[in-house]
Amino acid sequence: MANRVIGPYFFGNEDGMPKTISGASYRTMIENFWRLMVEQNLNLWFQQDGSIAHTARQTMDLLREILGERLILKIHISLAHLIPQI
């Protein structure tokens, strides 16, 4: 398992067609797919982007519970409030 990338993970409906990802469907994937993989591979790190389904509070709580500090995030932080209005 060392030195490799696992993924991407594709979401589909019963007919195999792509489906929209919600926070709930994303958390189900984490529980059913990633939890066991992480438990079997203690050196595994997890990286994701900052989409809404990925950063919902319940999702982040679940990822932190499973991965601890082995979570790599790409989160957009708006600094617009720091720029003076002209």
Side-chain angles (χ1 to χ4, degrees):
M1 190 61 68
N3 300 322
R4 24 180 271 190
V5 174
I6 302 167
Y9 185 95
F10 294 97
F11 291 81
N13 63 19
E14 296 79 28
D15 299 326
M17 299 298 295
K19 73 174 198 174
T20 302
I21 302 169
S22 67
S25 62
Y26 190 65
R27 286 187 297 278
T28 298
M29 181 275 296
I30 292 167
E31 285 286 357
N32 296 336
F33 182 75
W34 279 109
R35 185 180 286 274
L36 179 60
M37 192 167 296
V38 169
E39 289 170 356
Q40 294 174 348
N41 302 284
L42 298 178
N43 291 324
L44 184 74
W45 286 71
F46 186 81
Q47 180 177 355
Q48 65 179 11
D49 64 18
S51 76
I52 294 171
H54 298 171
T55 58
R57 182 178 305 277
Q58 295 120 328
T59 302
M60 295 304 300
D61 290 346
L62 177 61
L63 287 170
R64 286 185 187 104
E65 171 193 328
I66 295 171
L67 293 153
E69 293 182 9
R70 297 176 294 156
L71 177 61
I72 302 168
L73 300 173
K74 176 185 175 186
I75 298 176
H76 172 75
I77 300 173
S78 175
L79 301 177
H81 66 282
L82 299 176
I83 299 171
Q85 299 297 317
I86 297 178

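Along the sequence shown, residues are numbered consecutively beginning with 1.
- One finds the CG atom of Leu36 at 9.0 Å from the CG atom of Asn41 (value rounded to the nearest 0.5 Å).
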Could you list the donor-acceptor pairs under 3.5 angstrom formed by side chains in residues 11-19, with sequence neighbours left out?
| unit_1 | atom_1 | unit_2 | atom_2 | d |
| --- | --- | --- | --- | --- |
| Asn13 | OD1 | Asp15 | N | 2.8 |
| Asn13 | OD1 | Gly16 | N | 3.1 |
| Asn13 | OD1 | Met17 | N | 3.0 |

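- The shortest heavy-atom contact between Ser25 and Thr20 is OG-O, 4.3 Å.
- Considering only residues two or more places apart in sequence or on other chains, Glu65 meets the side-chain contact (heavy atoms from CB on, under 4.5 Å) condition with Arg35, Leu62.
- Legend: residues meeting side chain to side chain donor-acceptor pair (under 3.5 Å) with Thr28, ordered by chain and number and at least two apart, are absent.
- To the nearest 0.5 angstrom, Arg64 atom CZ is 10.5 Å from Thr59 atom OG1.
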